[in-house]
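Positions are given from 1, in the same order as the sequence printed here. Everything numeric in this text was worked out from a predicted model, so none of it was measured.
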Amino acid sequence: MIDIHSHILPGIDDGAPDIEASLDMARDALDQGITHVIATPHHRNGTFENEKSSILEQVYRLNTRLTEEGLPLTVLPGQEIRIYRSMVQDLEQLLSLNQTGRYLFIEFSFTRVPNYTHELFHEMLVKGYVPVIVHPERNTELLENPELLYEFVEQGALTQVTAGSLLGDFGKKTKSYTQELISHDLTHFIASDAHNISSRRFCLREAYDEISRQFGSSKALYFQENAYSLTEGSAIYSELPVPIRKRRLMGIF
Ligand SMILES: [Fe+2]
């Protein structure tokens, strides 16, 4: 199993504070049946700056240590980038997921979606980069206005929901919205976004079990195949998205 979103690198953001914590997280991932994780440290989120070169160095070091410890987990490089207006000028300097030059993790703040987002995504797509919006279910504006997310997906962006959101770790509204995103084919990946081994852990196995139970095993397989394709830099298979109507969403809440 591949987990495409994690904060397993030691001491560089709000994930693992040190190498021992990274190794504990690696053991947790292996217990879940995860073989590969993409390390996606925060970048330009107002608190953390993690440049490509230092992430690549840290990934190399952690893989070396994992081998020494006999832990059969492979860490791949990535970056969780807070959206900013001029990022299209920096695409070469930013770190695409597993360095394939194709998929970039884009994070919004928890409350807003900038009004330049459509334009930025268009410019990225023209240059051959695919924006992958991380945890849209945790953004207030997208929660209240699901049609905006639909527009981004229609435009060619992909989305990744967080395993804990589906499991109810962030409350009922977030869980309901996550279920809606899955049932309306508005999301393409599920990942742990693990930060530790307690409150924000690698709960991917539980999430896939939940997806199989609620949506059928073919949906779980769909997400797993997409995670593999993303790490390979190959095309993602996606169903045609279906808009979520506000009225219907309000009824669920
Ligand atoms: Fe994250």
Side-chain angles (χ1 to χ4, degrees), residues 2-16 22 36-64 74-110 112-136 139 142 149 151-160 162 187-189 191 193 195 226-238:
I2 301 171
D3 192 345
I4 64 167
H5 188 157
S6 75
H7 298 266
I8 193 171
L9 294 181
I12 61 171
D13 65 1
D14 55 349
S22 297
H36 296 72
V37 298
I38 306 187
T40 51
H42 291 289
H43 184 51
R44 293 187 67 130
N45 72 345
T47 308
F48 302 108
E49 305 262 332
N50 283 295
E51 300 291 342
K52 184 192 219 173
S53 56
S54 76
I55 294 170
L56 293 175
E57 170 69 24
Q58 292 274 354
V59 166
Y60 175 79
R61 277 197 219 163
L62 181 54
N63 277 321
T64 303
T74 301
V75 180
L76 307 170
Q79 196 176 37
E80 181 174 7
I81 307 151
R82 179 67 62 90
I83 194 166
Y84 60 100
R85 189 184 283 272
S86 61
M87 68 178 287
V88 74
Q89 292 156 26
D90 298 342
L91 291 172
E92 296 285 313
Q93 285 75 49
L94 296 169
L95 183 48
S96 60
L97 296 161
N98 197 25
Q99 265 191 302
T100 62
R102 188 158 185 174
Y103 300 102
L104 281 175
F105 263 175
I106 306 292
E107 183 197 37
F108 297 128
S109 75
F110 285 109
R112 289 212 52 247
V113 174
N115 55 15
Y116 58 79
T117 304
H118 279 110
E119 191 182 337
L120 174 64
F121 283 180
H122 174 73
E123 288 167 352
M124 286 176 68
L125 288 159
V126 165
K127 287 177 180 282
Y129 290 87
V130 180
V132 180
I133 302 168
V134 298
H135 40 69
N139 175 280
L142 293 174
L149 187 69
E151 287 172 17
F152 293 143
V153 174
E154 274 278 283
Q155 193 184 1
L158 301 173
T159 79
Q160 172 254 304
T162 297
T187 191
H188 312 86
F189 309 99
D193 195 4
H195 282 63
N226 280 354
Y228 178 76
S229 299
L230 178 142
T231 59
E232 291 285 296
S234 52
I236 299 299
Y237 174 73
S238 61

**Student:** Could I get the full list of side-chain hydrogen bond (donor to acceptor under 3.5 Å, both in side chains) partners for Ser22, not counting sequence neighbours?
**Tutor:**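 Expected list: none.
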**Student:** If we only count heavy atoms from C-beta on, is the Leu62 to Ile8 side-chain gap below 4.5 Å?
**Tutor:**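 A side-chain contact under 4.5 Å exists here.
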**Student:** I need the minimum non-hydrogen distance between Ile4 and Thr40, along with the two atoms involved.
**Tutor:**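 Reported closest heavy-atom pair: O-CG2, 3.7 Å.
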**Student:** Do you know the tightest heavy-atom contact between Ala227 and Ile2?
**Tutor:**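 Here Ala227 and Ile2 meet closest at CB-O, 4.1 Å.
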**Student:** Can you name the side-chain hydrogen bond (donor to acceptor under 3.5 Å, both in side chains) partners of Asn139, sequence neighbours left out?
**Tutor:**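 Asn139 satisfies side-chain hydrogen bond (donor to acceptor under 3.5 Å, both in side chains) with no residue once adjacent residues are dropped.
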**Student:** Is there a donor in the side chain of His118 and an acceptor in the side chain of Glu151, or the other way round, less than 3.5 Å apart?
**Tutor:**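 Side-chain D/A pair, His118 to Glu151: present.
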**Student:** Minimum heavy-atom separation for Pro114 and Ile83, please, with both atom names.
**Tutor:**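 Where Pro114 meets Ile83 most closely, the heavy atoms are CG-CG2, 3.7 Å.
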**Student:** Do side-chain atoms of Thr100 reach the backbone of Glu232 as a donor and acceptor pair under 3.5 angstrom?
**Tutor:**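 No, Thr100 side chain to Glu232 backbone: no donor-acceptor pair under 3.5 Å.
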**Student:** With rounding to the nearest 0.5 Å, note down the distance linking CZ in Arg102 to OG in Ser234.
**Tutor:**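 Arg102 atom CZ to Ser234 atom OG measures 7.0 Å (nearest 0.5 Å).
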**Student:** Who pairs with Arg61 by side-chain contact (heavy atoms from CB on, under 4.5 Å), at least two apart in sequence or on another chain?
**Tutor:**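 With sequence neighbours excluded, Arg61 shows a side-chain contact (heavy atoms from CB on, under 4.5 Å) to Glu57, given in chain and number order.
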**Student:** Under a 4.5 Å cut-off applied to non-hydrogen side-chain atoms, are His43 and Leu94 in contact?
**Tutor:**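 Touching, per the 4.5 Å side-chain cut-off.
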**Student:** Heavy-atom count around Phe110 CZ within 6.0 Å, excluding the residue itself: above 12?
**Tutor:**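 More than 12 within 6.0 Å, yes.
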**Student:** Can you list, pair by pair, the side-chain donor-acceptor contacts under 3.5 Å of residues 84-91, counting residues two or more places apart and other chains?
**Tutor:**
from: Tyr84; atom 1: OH; to: Asp90; atom 2: OD2; distance (Å): 2.6

**Student:** Check whether any side-chain heavy atom of Thr231 sits under 4.5 Å from a side-chain heavy atom of Ile38, and report yes or no.
**Tutor:**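 Yes, side chains in contact.
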**Student:** Please confirm whether the backbone N or O of Ile12 pairs with a side-chain atom of Asn50, one donor and one acceptor, at under 3.5 Å?
**Tutor:**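 Yes.
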**Student:** Step by step, work out the side-chain contact (heavy atoms from CB on, under 4.5 Å) result for Glu49 and Arg44.
**Tutor:** CA-CA 5 Å; Glu49 305 262 332; Arg44 293 187 67 130; 3.9 Å; yes
**Student:** My understanding is that only residues two or more places apart in sequence, or in another chain, count here; which of them pass side-chain contact (heavy atoms from CB on, under 4.5 Å) with Pro77?
**Tutor:**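 If we apply the side-chain contact (heavy atoms from CB on, under 4.5 Å) test to Pro77, skipping adjacent residues, the hits are Leu56, Val59, Leu95, Asn98, Gln99.
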**Student:** My understanding is that only residues two or more places apart in sequence, or in another chain, count here; which of them pass side-chain contact (heavy atoms from CB on, under 4.5 Å) with His42?
**Tutor:**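 Once residues adjacent in sequence are excluded, the partners of His42 under the side-chain contact (heavy atoms from CB on, under 4.5 Å) criterion are His7, Asp13, Asp14, Asn45, Phe48, Glu80, Glu107, His195.
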**Student:** Are Val113 and Leu142 side-chain neighbours, meaning at least one heavy-atom pair lies under 4.5 Å?
**Tutor:**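 In short, these two side chains touch, coming nearer than 4.5 Å.
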**Student:** Considering all heavy atoms of both residues, which atom of Ile133 and which atom of Ala157 are nearest to each other, and what is their separation?
**Tutor:**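 Heavy atoms of Ile133 and Ala157 come nearest at CD1-CB, 4.3 Å.
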**Student:** Going through the checks in order, is the side-chain contact (heavy atoms from CB on, under 4.5 Å) test met by Leu149 and Thr159?
**Tutor:** CA-CA 9 Å; Leu149 187 69; Thr159 79; 3.9 Å; yes
**Student:** To the nearest 0.5 angstrom, please state how far the NE2 atom of His135 sits from the OG1 atom of Thr187.
**Tutor:**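 So the NE2 of His135 and the OG1 of Thr187 are separated by 11.5 Å.
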**Student:** Look up atom CZ in Arg112 and atom OG1 in Thr117, then write down how far apart they are to the nearest 0.5 Å.
**Tutor:**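 Answer rounded to 0.5 Å: 8.5 Å.
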**Student:** May I have all residue pairs that pass ring pair (Phe, Tyr, Trp, His ring centres under 6.0 Å) and include part of residues 85-106, sequence neighbours excluded?
**Tutor:**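 Output for this query lists His5-Phe105.
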**Student:** Heavy atoms, side chains only, cut-off 4.5 Å: are Pro131 and Leu120 in contact?
**Tutor:**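 Side chain of Pro131 against side chain of Leu120, heavy atoms only: no contact under 4.5 Å found.
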**Student:** Can you tell me how far apart CZ (Phe152) and CD1 (Ile106) are? Round to the nearest 0.5 Å.
**Tutor:**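 Answer rounded to 0.5 Å: 11.0 Å.
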**Student:** Once side-chain hydrogen bond (donor to acceptor under 3.5 Å, both in side chains) is applied, do any residues pair with Ser229, and if so which ones, sequence neighbours excluded?
**Tutor:**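 For Ser229, no residue satisfies side-chain hydrogen bond (donor to acceptor under 3.5 Å, both in side chains) once neighbours in sequence are set aside.
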**Student:** Listed by chain and number, what are the ring pair (Phe, Tyr, Trp, His ring centres under 6.0 Å) partners of Tyr129, not counting sequence neighbours?
**Tutor:**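 Residues passing ring pair (Phe, Tyr, Trp, His ring centres under 6.0 Å) with Tyr129: none at all.
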**Student:** Determine, step by step, whether Ser109 and Arg82 satisfy the side-chain contact (heavy atoms from CB on, under 4.5 Å) criterion, reporting the C-alpha distance in whole Å, the side-chain angles of both residues, the deciding distance to 0.1 Å, and the verdict.
**Tutor:** CA-CA 7 Å; Ser109 75; Arg82 179 67 62 90; 3.8 Å; yes
**Student:** His122: what forms a side-chain contact (heavy atoms from CB on, under 4.5 Å) with it, not counting sequence neighbours?
**Tutor:**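 Per chain and number, His122 pairs via side-chain contact (heavy atoms from CB on, under 4.5 Å) with Val126, Gln155.
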**Student:** Which heavy atom of Leu230 sits nearest a heavy atom of Ile236, and at what distance?
**Tutor:**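 Result for this residue pair: N-CD1, 3.8 Å.
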**Student:** With a 6.0 Å cut-off (strictly less than), is the heavy-atom count around CD of Glu92, excluding the residue itself, greater than 12?
**Tutor:**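 Atom CD in Glu92 is not crowded, with 12 or fewer foreign heavy atoms closer than 6.0 Å.
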**Student:** Quick one: list whatever passes salt bridge (charged side-chain N to carboxylate O under 4.0 Å, His left out) with Asp193, sequence neighbours left out.
**Tutor:**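 Applying salt bridge (charged side-chain N to carboxylate O under 4.0 Å, His left out) to Asp193 gives Arg200.
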**Student:** Tell me if the OH atom of Tyr116 is crowded by more than 12 foreign heavy atoms within 6.0 Å.
**Tutor:**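 It does: Tyr116 OH has more than 12 such atoms within range.
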**Student:** Of all residues at least two apart in sequence or in a different chain, which pass the ring pair (Phe, Tyr, Trp, His ring centres under 6.0 Å) check with His188?
**Tutor:**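 Scan of His188 (ring pair (Phe, Tyr, Trp, His ring centres under 6.0 Å), adjacent residues dropped) gives none.
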